[in-house]
Amino acid sequence: MKITLLLIGLTLLVIVLPLLPALQEWRRPSDVTPLPIDEADALEPDYMAQRFGQRLDDAVDRGLIEIGGVPLVHLPAEAVRAPWPLDEREVRSGRSRRIWHSDGDCRLPERLHGLAEMSCAGTMQAAPGHTYRALRARQTLLLPERVRVLRWAHGRQVVVGDRGVLAGRISAEHSLLIGREVSFSLLHAPVIRFAGAVDAAHRPDPEGLPAALGRADGLRPGAPGQPARVEGALIVAALRHWDSDLDVDGHVTIGEGCHGQGRLRATGAVQVGAGAVLAGSLAAAGEIYIAAGAEVQGSVISESTIVLGAGCVIGLPGTHATVRAPRVEIGKGVVVHGTVWAGQRRIDIDTAPPGAAVIGYDAPVRWDSIARRGLATASLALAPRSHHQGDLVCQGDLEIGARSRIQGSLKAHGDLAVGAGARIDGTLVSPGEIVLGAGSHIAGSVMSEEAVVLGPGCVVGSPQHPATVCAPRIEVALGVVVHGTVWAGSSGDAPSPLLDTGGRDDETLDERTPLAPLPGQAAA
């Protein structure tokens, strides 16, 4: 009996002894430090801007002269055109470590870099080539070319000029307009437009779009019912729009993602950018080149050559359109609702709407009718204009053909490519690289563990269903529109080595100050 009790006691001792340190830590914790959580994971993208706004409003209401030990300078609304009351140290060093707030519009001074928060109750315009820690505007925030933001920037509308460096979180309540060669880490707004040529000295229209074509572009409005005229070449930047017929005495270049209402005639050549939509006919004496994923909802006629890029669409269902030229070249996945004539020869194109893909156990994709999901055990490439209903998982590389329609989400264990003009009514997930073709539409989020490349004129998300584009590296072409968040890299904050001045307060902070490379690049 004693031996049995001894064995039971030894067994309990062996079981309980390793747990004693854990029990002691549970009763009397020695480590009260919280678990490290990345702020970019734990907080909303605009959290820091909203939190600062609350503290600033409280300080202004109470008449405080500092926030968290940092001096606060409060400028009245009528001081918008008056020189800022800089102290001697700020004038000498070209930097300010004080918090500035204006009750009205605000134009930030030249030769002054802001290493503390700057805010205004109206519209704020930064100085070109300057560096700022954090910026906040109740209305529009205008960031001219080569402006750098280290921590965050927020406004109702935010416009970023060319070659900006956005190391922190950039958020907007209404819209973000991004220029060319802009490096970024985290962008967040109901709609983010990568417009290419952006003039950050002017506010966007109420919808956050670049200004409509007008007299500044050479347009001369005609009489009522008559087309507008342009004498000479017409170059339209990405995402521009217009609402009238156009007659152009020269060549025409239409940027990615543009929207035009009315017909277009030109005496020279015409180039239509990827993802652009022209709601009318197109006629030219020279060559007509329609890029991948673009749409022309009327006839296309040229006296020379017509080139239809992959996945573009001519005409509308139920409306006959004609494509006619001495020479016609047609890419993959092109849809023509009508007739194609090359010289005197008619070219037949299958314009019938694609049917659902027939997927069975003998096909490369095994279909689960209960889960409504297909599984491909090897790499898979769907032909142009394929139509698939249900989620699709591929254990290799997955390629979706041009102008295909997938009503479901896609997951690939390798790389994932979406053809020009394709539409995916779901999310895209892949540990490899994800490439979206020109003019493609993705209704859900796009997530990759390697890289995401957004082709010209493609759209991610919708106003009713915001989406997220997330990857360690993101490249964005002209004319791209994202409804939601673009997150490149593992953090939306600027790490401390991002800005290194060697600890010398008298050193001037300028565009030559080294910055760490950012994982997001717009319109490269």
Side-chain angles (χ1 to χ4, degrees), residues 48-49 51-155 158-161 163-168 170 200-201 494 496 498-515:
M48 290 186 286
R51 178 58 179 161
F52 170 77
Q54 295 171 1
R55 298 182 64 186
L56 176 64
D57 293 342
D58 179 68
V60 171
D61 293 340
R62 296 168 57 188
L64 302 180
I65 61 173
E66 67 175 20
I67 299 178
V70 181
L72 168 64
V73 182
H74 185 191
L75 302 175
E78 57 270 16
V80 60
R81 300 189 181 278
W84 281 25
L86 304 179
D87 58 31
E88 182 180 352
R89 184 178 183 181
E90 291 169 334
V91 174
R92 183 182 70 253
S93 65
R95 67 178 70 180
S96 174
R97 299 183 183 275
R98 294 189 288 175
I99 298 174
W100 295 82
H101 174 70
S102 172
D103 288 335
D105 293 341
C106 176
R107 181 182 292 270
L108 303 185
E110 299 281 351
R111 297 184 295 278
L112 181 69
H113 302 275
L115 299 188
E117 291 80 0
M118 294 182 171
S119 171
C120 77
T123 294
M124 175 183 291
Q125 181 165 351
H130 284 53
T131 300
Y132 303 97
R133 172 185 169 86
L135 301 173
R136 171 180 176 263
R138 289 280 182 85
Q139 299 301 322
T140 303
L141 175 59
L142 303 173
L143 305 180
E145 62 177 3
R146 297 180 292 107
V147 163
R148 300 185 296 176
V149 178
L150 301 181
R151 293 286 288 176
W152 56 265
H154 182 80
V158 179
V159 180
V160 182
R163 296 184 296 281
V165 179
L166 311 177
I170 312 300
S496 55
L498 187 68
L499 177 63
D500 184 11
T501 60
R504 293 175 291 171
D505 289 341
D506 59 345
E507 182 178 348
T508 300
L509 187 65
D510 57 22
E511 64 273 8
R512 293 169 294 181
T513 305
L515 290 176

Spatial distance of atom OG1 (T131) from atom CG (L150) [nearest 0.5 Å]: 6.0 Å
Spatial distance of atom CH2 (W100) from atom CG (L135) [nearest 0.5 Å]: 14.0 Å
Other residues, nucleotides, ligands: >12 heavy atoms within 6.0 Å of E88 CD: no
Passing candidate, side-chain contact (heavy atoms from CB on, under 4.5 Å) with E90, options R98, R111, R95: R98
CG on D87 to CZ on R97, rounded to 0.5 Å: 12.0 Å
Heavy-atom pair with the smallest gap, counting every atom of L166 and L143: CD2-CD1, 4.4 Å
Minimum-distance pair of heavy atoms, taken over all atoms of P144 and A126: CG-O, 3.2 Å
Closest non-hydrogen atom pair, A127 against V147: O-CG2, 3.3 Å
Audit row: L56, R136, side-chain contact (heavy atoms from CB on, under 4.5 Å) steps and yes/no: CA-CA 11 Å; L56 176 64; R136 171 180 176 263; 3.7 Å; yes
Shortest non-hydrogen contact from H101 toward A121: CE1-N, 4.1 Å
Minimum-distance pair of heavy atoms, taken over all atoms of W84 and L112: CE3-CD2, 4.4 Å
Distance in Å, R133 CZ paired with I99 CD1, rounded so as to fall on 0.5 Å steps: 9.0 Å
Residues Q139 and T123: side-chain donor-acceptor under 3.5 angstrom: no
Neighbour count above 12 (heavy atom, 6.0 Å) for R107 CZ: no
R89 and S96, any side-chain heavy atoms less than 4.5 Å apart: no
Verdict with supporting geometry, M118 and L108, side-chain contact (heavy atoms from CB on, under 4.5 Å): CA-CA 9 Å; M118 294 182 171; L108 303 185; 3.9 Å; yes
For the student: nearest non-hydrogen atoms of M124 and A137, plus distance: CB-CB, 4.0 Å
Nearest-0.5 Å distance, CD of residue Q125 to OG1 of residue T140: 11.0 Å
Distance, nearest 0.5 Å, that separates CG of L141 from OG of S119: 10.0 Å
